[in-house]
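Please read the structure below before turning to the comments.
Predicted model only: the values in this text are computed from it and were never measured.
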Amino acid sequence: MELALEWGVRVLADQLVILVAEDDQEIQIIVEDSLTEGGFEPAIAPSGEEAVTLLKGNKGSYRALVVDVNLRGRMDGWEVAKHAREIDPEFPVIYMTGAGAGKWPSLGVPNSILLEKPFAPAQLVTAVSQLLISRTPKA
């Protein structure tokens, strides 16, 4: 990661932006705070449809997807992850669920991580870090 000088302030040139698809505002805040404290920059999408729009419109901007399995609207988290993998077949995906863990083997994308609610904030940061590290090309 390189530092760049912008308006006299040093900023990370390669910001690790994580797209979060979560419709519950209280959980959004917890996830956002956890990721920020872990050194990531969260971008919140309150619906599956909005998450897919952001993924398609900003290809390459996001480094991973953290998605609630049960989202309000027409698109659930399983479907959002499939769209992410259509854009990038190795895109890191972390699912969050309170009741859908049993469907992960059949509906989840390969090489993803599932966190069952409630989970500790450190578990989320660890899961994101683990998937990002495993994706890093070997020299």
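In terms of hydrophobic clustering, with Ile, Leu, Val, Met, Phe, Trp and Tyr side chains grouped at heavy-atom distances under 4.5 Å, I30 and V69 are assigned to different clusters. In terms of hydrophobic clustering, with Ile, Leu, Val, Met, Phe, Trp and Tyr side chains grouped at heavy-atom distances under 4.5 Å, V17 and L131 are assigned to different clusters. I29 and V66 are members of different hydrophobic clusters when ILVMFWY side chains are connected at heavy-atom separations under 4.5 Å. Linking ILVMFWY residues whenever their side-chain heavy atoms come closer than 4.5 Å, directly or via other members, places L55 and V93 in the same cluster. Cluster annotation: V20 and V125 are assigned to the same hydrophobic cluster (Ile/Leu/Val/Met/Phe/Trp/Tyr, side-chain heavy-atom contacts under 4.5 Å, transitive).
Put simply, the side chain of R63 never gets that close to the backbone of L19: no donor and acceptor are under 3.5 Å apart. A donor-acceptor pair is defined here as one N or O able to donate and one able to accept, closer than 3.5 Å; such a pair exists between the side chain of D24 and the backbone of I27. Proximity of a side-chain donor or acceptor of D76 to a complementary backbone N or O of N70 within less than 3.5 Å is not detected. A donor-acceptor pair under 3.5 Å links the side-chain atoms of Q28 to the main chain of E22, judged by distance alone.
The minimum heavy-atom distance between A51 and V80, with the atom names listed, is CB-CG1, 4.0 Å. Closest non-hydrogen pair, G77 versus L71, comes out as N-CD1, 4.1 Å. Here the shortest heavy-atom pairing between L35 and P42 reads CD1-CB, 4.0 Å.
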Would S112 and W104 satisfy side chain to side chain donor-acceptor pair (under 3.5 Å), going step by step from the backbone distance to the final call? CA-CA 9 Å; S112 59; W104 183 44; 3.0 Å; yes
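Considering only heavy atoms from C-beta on, I18 stays 4.5 Å or farther from Y62 through its side chain. Proximity of R85 to E90: side-chain heavy atoms (C-beta onward) are nowhere separated by under 4.5 Å. For the pair T126 and S129, the minimum side-chain heavy-atom distance is 4.5 Å or more. Between Y95 and V109 the shortest side-chain heavy-atom distance falls below 4.5 Å. When side chains are defined from C-beta on, I94 does not count as touching V67, because their heavy atoms never get closer than 4.5 Å. Between L65 and F91, some side-chain heavy-atom pair lies under the 4.5 Å cut-off.
Rounding to the nearest 0.5 Å gives a distance of 5.0 Å between CG of D68 and CE of M96. Going from atom CD of Q25 over to atom CD1 of I44 covers 10.0 Å, rounded to the nearest 0.5 Å. Within the model, atoms NZ of K59 and CG of D88 stand 10.5 Å from one another, a figure rounded to the nearest 0.5 Å. Here the CG atom belonging to L124 is positioned 10.0 Å from the CD1 atom belonging to I113, to the nearest 0.5 angstrom.
Pairs of residues two or more places apart, or lying in two chains, that qualify as side chain to side chain donor-acceptor pair (under 3.5 Å) and include a residue from residues 33-50 are Q15-E41.
Counting non-hydrogen atoms of neighbouring residues, nucleotides and ligands closer than 6.0 angstrom, the NZ atom of K117 exceeds 12 such neighbours. Annotation: E86, atom CD; neighbour count of heavy atoms from other residues, nucleotides and ligands within 6.0 Å is above 12.
When each of N58, L54, V52, T53 is tested with K56 by the rule side chain to side chain contact (heavy atoms under 4.5 Å, CB included), just one qualifies, namely V52.
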